[in-house]
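Heads up, the thing below is written out as structure tokens.
These numbers were taken from a predicted model, which means no experiment stands behind them. Proteins come first, then strands; the chains are lettered A, B, ... in the order of their sequence lines, and each starts at number 1.
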There are 2 protein chains.
Amino acid sequence: MQTRPRRYHHGDLRAALLTRAEETLREKGPAALSLRELARDLGVSHAAPSRHFKDKQDLLDALALNGFERLGEIIAASQEGAGESFAERLDAMVRAYVGFATANAALLDLMYSIKHDPEASEALSVAAQRWAEEIVELIGDGQSRGEVREGPVERVGVPVFATLHGYAGLAVSGMLPPETTEHGLDDVIAHTLRGCAPD
Amino acid sequence: MQTRPRRYHHGDLRAALLTRAEETLREKGPAALSLRELARDLGVSHAAPSRHFKDKQDLLDALALNGFERLGEIIAASQEGAGESFAERLDAMVRAYVGFATANAALLDLMYSIKHDPEASEALSVAAQRWAEEIVELIGDGQSRGEVREGPVERVGVPVFATLHGYAGLAVSGMLPPETTEHGLDDVIAHTLRGCAPD
DNA sequence: ACCTGAACACCGTTCAAGT
DNA sequence: ACCTGAACACCGTTCAAGT
């Protein structure tokens, strides 16, 4: 009756595991994430996930990798919709990043956490690097417009990356005084613009 | 034979648990941290820790709180040993913070992680705030010397805090391109100075 | 190929009972 | 006050066996 024959029980257990895992991560935090419960939720045996992820950490790595891919898309999209000036493009990028961070707090925590397999860690570094290149591109563009001071793009970009990442992290972990959320983003953007401005 | 009588079995189990927990955190990561193993290491029953920490999370919270206290001391010490100019003081603080971060990577991860009890979370926010006030003080001092632009200290300080925190986080999670560690710190300091400079 | 079911060695937490 | 020992309900991981 089905033209696309179901696979053994589930169809696409791997994707279903990732989707469900991210839901529980978002709703109940990383501590509540258990392979057995995931399997229960999806109606498969507790041993089934091991066909798709050798390990719990392997699933977490896949989750993080997927997060970096989506982050990259969001950042890229923010640049396409933005104006041409460096200030406008920076503004759009910062808002896109902080928006992703606050909407996916637990996932972001996972993406930048330390406990990755050395093997998967390389794939993650590459993924993280790829979106960081959006910053490099932004800086380079700003330089060619004369709106950003000269210097190797990577070196100008690192402090910008750090500021962005740090602000998102502080906002997400609730370490910012409540009244700062008001002007916090604007202040960060203005500060970054000053830091990048030519002499 | 001992003037200071031992308590029941251990003497000061609470402190011993914290010490040992931080060791395993440092050496084997947060995933390897188990109350039962801690108890085994210290030669007490697996139920003994519950007399001192109601929960595993309670122990983690205590670990984080202790981390913030030590961080505060280190930051304060960096300011005492530093020169008078804003640039010198900022330099000292950044190096102290990044030094602490790289020397206590897993602990820092824990300190800023999201999964704290709402109750303990408040105590942690206070502790985090206290060291953040060192930044506020630094900014205020810089302003009175005419080396930092005017404006509410909290608003000038937030981007500085974010940059510092973000750079430490990136360095710790290995997300910085290897060649940046060379000049990374210097670039971050220079960038921050530009961002803070008066017009 | 993909999944099951049982088994193993671990967890965290609780609670009567001991000293 | 502080700790033990047993018990409970969970884990992650592995592996023969099923379809």
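- Shown here is K28(B), whose NZ atom has no more than 12 heavy atoms of other residues, nucleotides or ligands within 6.0 Å.
- Here the side chain of R51(B) is nearest to one of dG5(D), dC11(D), dC3(D), namely dC3(D).
- When rounded to the nearest whole Å, the span between CG of L33(A) and P of dC11(D) equals 11 Å.
- Distances from the side chain of A47(A) to the nucleotides dC15(D), dT4(D), dT13(C) place dC15(D) closest.
- A straight line from CG of L60(A) to P of dG12(D) spans 10 Å, rounded to a whole angstrom.
- In this structure, the CG atom of L42(A) is 11 Å from the P atom of dT4(C), given to the nearest Å.
- For the pair K56(B) NZ and dC10(D) P, the computed distance is 18 Å after rounding to whole Å.
- The aromatic rings of Y112(B) and H165(B) sit tilted, their planes meeting at an angle between 30° and 60°.
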| request: Decide yes or no on salt bridge (charged side-chain N to carboxylate O under 4.0 Å, His left out) for E84(B) and R145(B), but give the supporting numbers first. | output: CA-CA 9 Å; E84(B) 292 196 346; R145(B) 295 174 59 89; 3.8 Å; yes

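- Between dC3(C), dT4(C), dT13(C), one nucleotide has an atom nearer to the side chain of R36(B) than all others, and that is dT13(C).
- Here D199(B) does not pair with R149(B) in a salt bridge; the nearest charged N to carboxylate O distance is not below 4.0 Å.
- Taking atom CD of residue E37(B) and atom P of nucleotide dC10(C), one finds them 10 Å apart after rounding to whole Å.
- Nucleotide dG12(C) holds its P atom 5 Å from the CG atom of L35(B), rounded to whole Å.
- Residue H52(B) contributes atom NE2, which lies 6 Å from atom P of dC2(D) at whole-angstrom precision.
- Aromatic ring pairs are classed by plane angle as parallel below 30°, tilted from 30° to 60° and perpendicular above 60°; the pair H191(B) and H191(A) is perpendicular.
- Using a 4.0 Å heavy-atom distance criterion, S34(A) is classed as a sugar-phosphate-only contact.
- Atom NE2 of H46(B) is separated from atom P of dA6(D) by 9 Å (rounded to the nearest Å).
- Remark: R40(A) is in phosphate contact with dC11(D), judged by side-chain N or O atoms under 4.0 Å from OP1 or OP2.
- For A48(A), whose side chain is taken as the heavy atoms from C-beta onward, the closest listed nucleotide among dT4(D), dT13(C), dC3(C) is dC3(C).
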| field | Watson-Crick or G-U pairs under 3.5 Å in DNA chain D, rendered as dot-bracket with [ ] for crossing pairs and | for another strand | value | ||.|||||...|||||.||

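- Considering only residues two or more places apart in sequence or on other chains, D41(A) meets the salt bridge (charged side-chain N to carboxylate O under 4.0 Å, His left out) condition with R20(A).
- Counted within 6.0 Å of CD on E122(A), heavy atoms from surrounding residues, nucleotides or ligands total 12 or fewer; the atom is thus considered open.
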